[in-house]
Amino acid sequence: MKREIKPSGLPIEDLESVVEQLIESGRQVKVLWQYPGSLAFVAKGRDYRSEFHLNASDEVTYMIRGTMHLHHRTPDGEESVAVIPAGATNWMPPNTEHSPRFPSDAFALILERGRRDGEVDHFRWYCPECGEFLHQEDFTVEDYTLDPVSKAYARFFDSVEARTCAHCGHVMPRPDQQVG
Ligand SMILES: [Fe+2]
């Protein structure tokens with residue numbers, strides 16, 4: 001992780017330009033900076049997002065374009081949704097299971113902090129049929145430019161075993177098998 005401020009000065013990023021770069025490149029994420037105390041990136045929405053992310057950092061979201069439905073789970077497993085429209089921001093405490101759902105023409109600025117030694121990010125899926133815990137992928141996020149969310153998705157959806165519910169037997173379909 002980078003720890004020094006460049007001689008050229010403090011980073012200033014134009015969010016609309018970053019959005020245009022993402023649209024043109026087809027990339028999912030652009031990291032604006034990452035330091036131990038501050039990690040900032042702009043994320044393009046995914047039309048299909050199913051997992052809940054769990055990490056040790058506070059998280060601030062600012063919606064640049066479009067609306068986010070920020071699904072989150074309480075420690076008791078109750079799910080609720082925070083709706084964040086374009087131009088609005090919100091804060092979420094550390095270790096909140098959260099699933100930021102926003103379409104592919106929507107863009108969010110996310111502010112976290114770098115992970116400390118020993119901190120592991122978790123990506124959890126729950127059965128869409130019965131709601132029981134389905135599978136977890138674990139990642140040590142040393143560099144957010146490696147797009148850990150996309151890697152977790154690839155691992156999960158490439159495994160039929162991971163997508164098969166031990167409780168009810170339902171097999172969660174791949175996104176390209178979803179209807180509508
Ligand atoms: Fe199930």
Side-chain angles (χ1 to χ4, degrees), residues 22 26-29 39 41-61 63 65-86 88 90-113 115-116 118-180:
L22 283 172
R27 295 180 64 104
Q28 197 68 40
V29 170
L39 161 64
F41 58 93
V42 173
K44 182 176 184 288
R46 297 167 195 268
D47 288 318
Y48 179 79
R49 185 155 181 176
S50 50
E51 109 296 350
F52 284 81
H53 186 196
L54 187 57
N55 66 71
S57 173
D58 289 57
E59 191 161 323
V60 170
T61 298
M63 286 310 290
R65 289 189 193 174
T67 298
M68 177 186 286
H69 288 75
L70 182 55
H71 292 241
H72 52 288
R73 295 170 64 93
T74 67
D76 297 333
E78 293 293 317
E79 186 171 328
S80 62
V81 184
V83 179
I84 311 170
N90 97 312
W91 165 80
M92 193 171 51
N95 297 307
T96 303
E97 281 190 77
H98 61 283
S99 185
R101 298 179 189 176
F102 53 118
S104 57
D105 60 353
F107 295 83
L109 171 67
I110 309 292
L111 301 170
E112 303 180 359
R113 63 158 171 76
R115 305 301 186 262
R116 295 171 185 149
E119 287 182 344
V120 179
D121 283 37
H122 307 293
F123 298 90
R124 290 181 184 165
W125 280 266
Y126 293 87
C127 176
E129 281 297 310
C130 74
E132 287 291 313
F133 172 77
L134 199 56
H135 181 74
Q136 175 169 299
E137 291 284 341
D138 300 324
F139 274 88
T140 300
V141 180
E142 291 171 351
D143 182 353
Y144 216 92
T145 60
L146 301 176
D147 194 1
V149 175
S150 290
K151 287 193 167 55
Y153 267 68
R155 280 198 209 168
F156 174 68
F157 283 111
D158 283 347
S159 169
V160 174
E161 189 181 351
R163 292 184 281 119
T164 302
C165 178
H167 186 250
C168 77
H170 176 73
V171 179
M172 188 169 169
R174 294 174 57 95
D176 51 19
Q177 296 167 339
Q178 299 286 312
V179 176

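Please read these numbers as outputs of a predicted model, since none were measured by experiment. As the structure lists them, so they are numbered: ligands from 1, and atoms in each ligand from 1.
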Six-ring centre of Phe123, Arg155 cation under 6.0 angstrom, axis tolerance 45°: no
Ring geometry between His135 and Trp125 (parallel below 30°, tilted from 30 to 60°, perpendicular above 60°): tilted
Under the side chain to side chain donor-acceptor pair (under 3.5 Å) test, residues paired with Asp76 that sit two or more places apart: none
Contacts of Pro103 that satisfy side chain to side chain contact (heavy atoms under 4.5 Å, CB included) - sequence neighbours left out: Asp47, Asp105, Ala106
Sub-2.8 Å protein N, O or S atoms surrounding the Fe ion (ligand 1): Cys127 SG, Cys130 SG, Cys165 SG, Cys168 SG
Pair listing, salt bridge (Lys or Arg N to Asp or Glu O under 4.0 Å) test, anchored in residues 123-132, at least two apart: Glu97-Arg124
Non-hydrogen atoms of Ala108 and Met68 that approach each other most closely: CB-CE, 3.9 Å
